[in-house]
Each structure stands twice: as C-alpha cells, then as structure tokens.
Amino acid sequence: MPLKYPLYRALAGSETLYRVDGLRHLMEWQPLGIGRWLVHEHYADLYPSQVLIQAVIQAQEGYVALTEEEWDVRLEQRTASTQRPSIGLLAEDEIAQGFQECVDLADWTTFGLSAHASHWITARNDDEVRSALAWSNERDAALLVMGGGSNMLLHSDWNGLALHVGIRGFRVLKEEENRVDVVVGAGENWHHWVMVALENGWHGLENLALIPGQVGASPMQNIGAYGVELKDRFLWLEAIEVQSGALKRFDGAACAFGYRESVFKSSEKGEWVIVRVAFALDREAPLQTSYGAIQQELKDLPESSWTHLDVAKAIMRIRSTKLPDPKELGNAGSFFKNPVLPAADFERLQNAHPQVAHYPQSDGGIKVAAGWLIEQAGWKGLHRGTHGVHENQALVLVHYGGATGAEIWQLAQDIMNDVHAKYGIHLEPEVNQIGRN
Ligand code: EPU
C-alpha cells in the first residue's frame, strides 16, 4: 500500500517528534529548554539524511508511529506543561555557569516519575552551592535540594531551582589505634562510600550497605537498617545556610536524631544544604548480627570466622531479595514509617491480632511493622497499572512506568485509610512529599 504523507513519528523514550513530508523531506522537533522547540529541516539528498529518513518512515527500532491527532497532543502537551516559569528564562552567562532549564527529574529520583524542574544546577563545591543559593534568593525562586532523589515523591513540576549537590571526595581526619574519622562529600553515593570504608578496613557501616541515595541525605532522616542507624557512626556534618550562605558544623546532639528523623526534617527543614558528613569508624567495630535474617544468611560459615565483609554481603543479599532495585523498578524504599505505639494501645492491638510483628523500644513504646499491617490488610503485591505495592515488601510502593506523583499519593492515602479503618493506626509517610498542594 502506498504511504500517505505526511507521516507522524516520535523518538522512543524521548519527546522528539518528526513529520515526514515525503521521501526526501523530514521535519524534526527537538525539545529545548522551557516551552521551546528546536526545529530542524532535513533534506534527504545526502547519505546520512537518507538513512535517517528511511528509519523514521519505516518506524524502525527506536521510532514510534503516531496518528496526526496523537502527534498534535504530544506537541501541545509539552508546550503547555513547560510554561514559562515565574523566575524567567536563562541568560547566556547563566547557561555558561551551568544552569539548565526544564530538566526532567525522573532521571534524578529513584521513583522515576516525570516532573520537570524549571531550573537546575549541580554544585561541586561550597562556593558553587553559595552562588546557586544567591541566584535563587535574588529571584525569590523556590529551592529544591536534591541528593540522590531516593526519598522523595514529586507531586508536580518544580517551578524554581533544583540544586543538585555534587560535592565529592573522602578525607581521613584522624587515625588513632582502631578509631578512624573520615569526612565524606555530600555528593558521594552512599553505597559506594560504605564499600570504600570496607575496603579500607574502616568498620561500622556495613549493615547500611545498598541503601540508595547520597551521603548528604543520610543524616536528614537518620537512615537505618538491620540494627544500625547512621547516628551510631556519626561525628558531625557541615551545612550551608540557605538564607545567609554561612557554613555551620552540627554535632549529633544538634541534629537531634530520632527514628528516621533529624532537625533537617523538622525545625530546620529547608534551611540548610548539607555539604559534607564526618563519620567515626572503628577497625574493630563489633559485628551487628542480631537480626535473624543475617544469622540465617551466614549460617553456613562458622561464627568465629564471620567478617565485616561477610555481614555486608549478607545484608546485600537480603536487601536484593526483599527490596526492588530502583534501576529496575522505580521506588523510594519504605514509603511509610513503622508506627511506635504506647504500650496500652499495643496491648489492645495484640489482643485482637496476636501475630502482629513488633519490636519493643527502649522508651517503653512498641514499634509495629507497618509492612505486616499493610500485608494483612491485603495490599501487598497490588497492581494499579502504572504503579502498585511491591510483592516482597509491603512497605514499598513501586512505579512500573507512566504514573504521576498524585496517583502514587492516592494509593498511599488509600492504604493509610484502610490500615486506620482496620487497626486504628495512623501510618505516616517516611518519604518526603515534594510540591503537594
Ligand atoms: N512484614 C510483613 N510483610 C511485609 C513486610 C514486613 O509481614 O510485606 C513484617 C515481617 O514480620 C517482618 C517485619 O515486618 O519480619 C519486618 O520487616 P523488615 O525486616 O523487612 O523491616 P521493615 O520494618 O519492614 C525497616 C526499615 C527498612 C530497613 C529494614 C531492615 C523502616 C520504615 N524501614 O523495614 O528501611 O531496610 O527495617 O532493617 O523503618 C527504608 O527506610 O527505605 C528501608 C528500606
């Protein structure tokens, strides 16, 4: 059947659009910054253009055929969804400094939800953080500080500056007998740092292997897993104040760490950009193997031979069977916190549900496994097309592709309401909600 021109095409996995007007003429719309397109006109007189036009016409691998209506919708949708932001478009010198427009945060967050930051910059040292802050303060731009994007749910586009902290580096501050103090740039990948520490024989962080995110985000919510929390190995952190650009050092007391909590999530929220974190490690740190799952993993090795590396490997195996890898399936780890109940409330819950998984706390409260409540309420493994609840760990919400933050939030609310109706317990999200109206 002869082809009827024009033909409408898109580049798979991208916003680029094509209109083929004939065998020798192709128009290409390439997204550029905010609400703008770079339009190329290709004449297929020469070899490379002839190859391109043939691939596009035949909708070969990498190209998708669209109807005229679908094509129009895509063109309009992007133009509408990338409206000129209130803080204006970038000047050439700002682009030269590294500022970018209209960056899809899907690539920078582990949930992988598409939402555009109107402006973006990566800061590689303290001075770059300060100039980015000055830039956003001058424009009164909303500021979103990004680490590894592993603990956030984006509800909408970000009309303001997304500041990605890219400060790298490791430095030994002090070594005395077995004690080693090391300061790490906030932009280092957390798991990479845990592995660097292990390779050097600096121990104490192995139970926190494979936690996604960057080092600078780890104190924000006092990350924890398998019996160890960040605060156990924390020495201090340095942060730059958003308003003044001043550098301040916070020790553990000043951070007021709690279960998935710190001042940076409460009283000091939005006031600081963490630029580096110092850790107190120990070559002879005792192995933390109290979790049954760890002992189970190590049962084939004689206990006297267990090393820190063995524990790290066991943790990595446990995590990879229970928790989805964000590179393969969008997620932000535990979406909810485990609720801590007063003893009397817990007793009532346990009388009605004797099997409930729980952990007594040192302050007399009882932490209840939210994953158990969610699973018992029937949500584990639920699919809602684009998103759902992970099949191996009910605390984790997952994004299969094409979901919006609002849809994931709706699922979270449905779960919270149902758990409340069934058990009288209010679940709280552990993941930060960004841009929620
Ligand atoms: N459980 C279920 N069904 C589930 C999940 C859990 O019944 O789908 C019950 C089981 O009885 C299980 C118990 O809950 O024995 C505890 O489960 P798990 O050991 O997986 O730990 P968790 O309480 O669900 C917490 C952290 C995780 C951390 C693990 C291991 C929170 C919110 N989550 O999960 O942290 O890896 O302990 O220490 O405290 C994260 O913060 O992103 C995260 C993954």
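Numbering of ligands and ligand atoms starts at 1, following listing order.
With respect to atom 3 (N) of ligand 1, the closest heavy atom belonging to the protein is Glu375 OE1, 2.6 Å. The protein heavy-atom contact nearest to atom 37 (O) of ligand 1 is Tyr291 OH, 4.8 Å. For atom 1 (N) of ligand 1, the nearest non-hydrogen atom of the protein is Trp372 N, 3.6 Å. In terms of protein heavy-atom proximity, atom 39 (O) of ligand 1 is nearest to Tyr259 OH, 2.7 Å. Atom 13 (C) of ligand 1 has its closest protein heavy atom at Tyr359 OH, 3.2 Å. Tyr226 N, 2.6 Å is the protein heavy atom nearest to atom 38 (O) of ligand 1. From the protein, the heavy atom lying nearest to atom 44 (C) of ligand 1 is Ser334 OG, 3.3 Å. When only non-hydrogen protein atoms are considered, atom 21 (O) of ligand 1 lies nearest to Gln393 NE2, 4.3 Å.
Looking at Glu175, Glu177, His308 one by one, the single match for side-chain hydrogen bond (donor to acceptor under 3.5 Å, both in side chains) with Arg283 turns out to be Glu175.
Of the possible donor and acceptor atoms, one in the side chain of Ser262 sits under 3.5 Å from a partner among the backbone N and O of Met220. A distance-only check finds a donor-acceptor pair linking the side chain of Asn331 to the backbone of Leu329 [under 3.5 Å]. Here the side chain of Gln433 pairs a donor or acceptor atom with the backbone of Val431 at under 3.5 angstrom. Listed for the Gln97 side chain is no donor-acceptor partner under 3.5 Å among the backbone atoms of Phe99. Between the side chain of Glu375 and the main chain of Gly371, no donor-acceptor pair closer than 3.5 Å is present.
Inclusion of Asn338 in the set of residues having an N or O under 3.5 Å from an N or O of ligand 1 is warranted. Between Lys322 and ligand 1, an N or O atom pair is found at a separation short of 3.5 Å.
Put simply, atom 31 (C) of ligand 1 has protein non-hydrogen atoms near it, under 4.0 Å away.
Here CG of Leu323 is found 6.5 Å from NE2 of His390. Values are rounded to the nearest 0.5 Å. Taken from OH in Tyr259 to CG in Asp363, the straight-line distance is 13.0 Å, to the nearest 0.5 Å.
Near Ala369, with a cut-off below 4.0 Å to any heavy atom, the atoms of ligand 1 are 9 (C), 13 (C), 14 (O). Taking every heavy atom of Phe336 and a limit of under 4.0 angstrom, the matching atoms of ligand 1 come to 32 (C). Counting the atoms of ligand 1 from 1 in the order shown, those under 4.0 Å from a heavy atom of Ala357 are 11 (O).
Contact annotation: Arg260 has at least one heavy atom less than 4.0 Å from an atom of ligand 1. Contact annotation: Arg319 has at least one heavy atom less than 4.0 Å from an atom of ligand 1.
Classified by interplanar angle (parallel below 30°, tilted 30° to 60°, perpendicular above 60°), the ring pair Trp193/Trp202 is tilted.
Checking Ser131 against Glu128 by side-chain atom types alone, no donor-acceptor pair falls below 3.5 Å. At a cut-off of 3.5 Å, with distance as the only test, a side-chain donor of Ser114 or Asp104 sits close to an acceptor on the other residue.
Of all the listed residues (Ala394, Gly371, Gly333, Gly381), Gly371 holds the heavy atom that lies closest to atom 6 (C) of ligand 1.
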